[in-house]
Amino acid sequence: MFYLLHGDDEFTSREQLKKLRSQGDFGYNQETYDGAGVDLNTVIITSNTLPFLSEQRLVVVEGLPKKKRGETQATSQDDTDSTTKTGKARKGKKAGKSTTATRAGFEKALAEHIPHMPE
C-alpha cells in the first residue's frame, strides 16, 4: 500500500503516521528518511526489500528534496554553454542532467515506481 500524507497540518499527518505504525507489525521493518537528504534509489531499494520476520515494511520519507535555485526556470546556460570563461571544455557531469537530482525529478521517479512496489 502507498499513503501520501501532505498539507500544512503537520499534527494530523503525524497522527495518521502514528496510527499506521500501530496498525501494522513492522518490528525491524521501519525506515524513516529525510526527503531533503535521501537519494531516491535508497528509497526504492528499501521499499523493494522483503520484510524480515513480518509481512509488512514501512518506509517513511519526511518531506521532499528542496527546490534548487532556478529549478523552475529553463537551464539554458547549463545546456548550451559547455565551455568555461577561459575557453576550455568543462569536465565531469552537469548537475542539471540527472533526473532525480531535482525535486520534480524525485517526485516523477517516485510516482513511476509506485505501480511496481511490492504489496
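No experiment lies behind these values; they were computed from the predicted model shown.
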- Query: Can you list the steps and then say if Tyr28 with Leu53 is a side-chain contact (heavy atoms from CB on, under 4.5 Å)?
  - Reply: CA-CA 8 Å; Tyr28 296 106; Leu53 298 175; 5.5 Å; no

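More than 12 heavy atoms of other shown residues, nucleotides or ligands fall within 6.0 angstrom of atom CD in Gln23.
Here CD of Glu107 is found 5.0 Å from CG of Leu64. Values are rounded to the nearest 0.5 Å. Between Thr42 atom OG1 and Tyr33 atom OH the span is 6.0 Å, to the nearest 0.5 Å. For the atom pair Arg57 CZ and Asn48 CG, the distance stands at 10.0 Å (nearest 0.5 Å).
In this view, Arg21 and Leu17, Gln30, Thr32, Leu58, Val60 satisfy the side chain to side chain contact (heavy atoms under 4.5 Å, CB included) rule, not counting sequence neighbours. Lys18 pairs by the side chain to side chain contact (heavy atoms under 4.5 Å, CB included) definition with Glu15, not counting sequence neighbours. Residues forming a side chain to side chain contact (heavy atoms under 4.5 Å, CB included) with Ala36 (at least two apart in sequence, or on another chain): Asp34, Lys66. By the side chain to side chain contact (heavy atoms under 4.5 Å, CB included) test, Glu112 is found to be paired with Lys108, residues two or more places apart in sequence or in another chain being considered. For Thr12, the side chain to side chain donor-acceptor pair (under 3.5 Å) partners are Asp9, not counting sequence neighbours.
Taking each heavy atom of Val38 and Phe106 in turn, the nearest pair found is O-CE1, 4.1 Å. The minimum heavy-atom distance between Ser47 and Pro118, with the atom names listed, is O-CG, 3.5 Å. Across all their heavy atoms, Gln56 and Phe26 have their closest contact at CB-CE2, 3.6 Å. Summarising the geometry of Tyr3 relative to Leu20, their closest heavy-atom pair is CE1-CD2, 3.6 Å, with the distance given to 0.1 Å.
The other members of the hydrophobic cluster of Phe2, by chain and number, are Leu4, Ile114, Met117 (side-chain heavy atoms under 4.5 Å, ILVMFWY only).
By the rule that hydrophobic residues join a cluster once side-chain heavy atoms approach within less than 4.5 Å of another member, Leu5 and Val61 end up as members of separate clusters.
The main-chain N or O of Pro51 is never found under 3.5 Å from a side-chain atom of Ser54 such that the two would form a donor-acceptor pair.
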